[in-house]
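Right, one structure below, let's go through it.
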Amino acid sequence: MRIVHMAGLLFAALLLLAAPVLAKDIDLVVPSSAKQGTAVVVTAVLDSPERTVRFVWQDKSLNAPVVSSRRGWEASFLLPVPVNARNDIRIRAQAGKSKASATIRVLKVDWPRQTISVNRNYVTPPKATLNKIAADRKKTAAVLKRITPERSWRQPFQRPVPGVITSAFGGHRVFNGEVRSYHRGVDLRAPTGTPIRALAAGKVVIAEEMYYSGNVVFIDHGLGAVSSYGHMSRIDVRPGDRVTAGQQIGLSGATGRVTGPHLHLGLNILGQAVDPLSLFSKQ
Ligand SMILES: [Zn+2]
């Protein structure tokens, strides 16, 4: 009887000792700061399995699936820092009864202006092409809006072509003297015929010719992340195809609105265009 009682006390003491550890079972891994217009990898590391982690920031939220990893169990997603983000981003993670939070300081960027001279048809498109342009926009918008609940991407991301940057992300575009938009992707040097590789695993959701983008491929990487590859001379994949990271999806070219062959690489996260190259630099 006395021994049982002692064992009970010991058990209670062990529970008390364990309690502080149990209360801190989400480790939220984020960079301390990030530039406007970048993608940030957010990871919650758990020491017990849960189905999903719910991430909440500003007025947005996302449920990310938990997978087993070297560190235990973890859930990751790509957080977009909008080009016009003004305030620091406070992010919270919740799994079961556990919670954690962190703040990412937003660093402002002085976006450059770029003057571009192209064929007049691409600045003021001929009437006959307006329907095609509208159809392209509608199709693209639908794809960028979807949030596939599974995550296909894994780090490290693969650079689609080896070439250097010829036009950076975010520059305000002045076409033949008119400010039209900002550059929602990055242009990489790629002579016609250069193999283009998927930056991460995913599912092809668009593979066709569009008026401005020329031959273009969009890949859905899950949890709201979609990459796009424009101006290709040849497309090697079809909608519905699953691709692996680094898989060839086509060849570079000069189709659509271009002044010469290159790869226009886009990355959209939860509806926000961000600099795809931010995935390749350490943050
Ligand atoms: Zn471009």
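Whatever order the structure lists ligands and atoms in, that order sets their numbers, starting from 1. Only heavy atoms go into these numbers, but all of them, side chains included; no hydrogens, no water, no symmetry mates.
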How about Thr43 and Ser76: does a side-chain donor come under 3.5 Å of a side-chain acceptor? yes
Could you tell me whether the Zn ion (ligand 1) has an N, O or S atom of His183 under 2.8 Å away? yes
Minimum-distance atom from the Zn ion (ligand 1) among N, O or S atoms of Asp187: OD1
Please check: side-chain N/O of Thr129 versus main-chain N/O of Pro125, any donor-acceptor pairing under 3.5 Å? no
Checking distances from the Zn ion (ligand 1), one finds that the N, O or S atom of His264 closest to it is ND1
Are Trp73 and Leu62 in one and the same hydrophobic cluster, where Ile, Leu, Val, Met, Phe, Trp and Tyr link if side-chain heavy atoms are under 4.5 Å apart? yes
Do His183 and His172 get their side chains close enough for a donor-acceptor pair, meaning under 3.5 Å? no
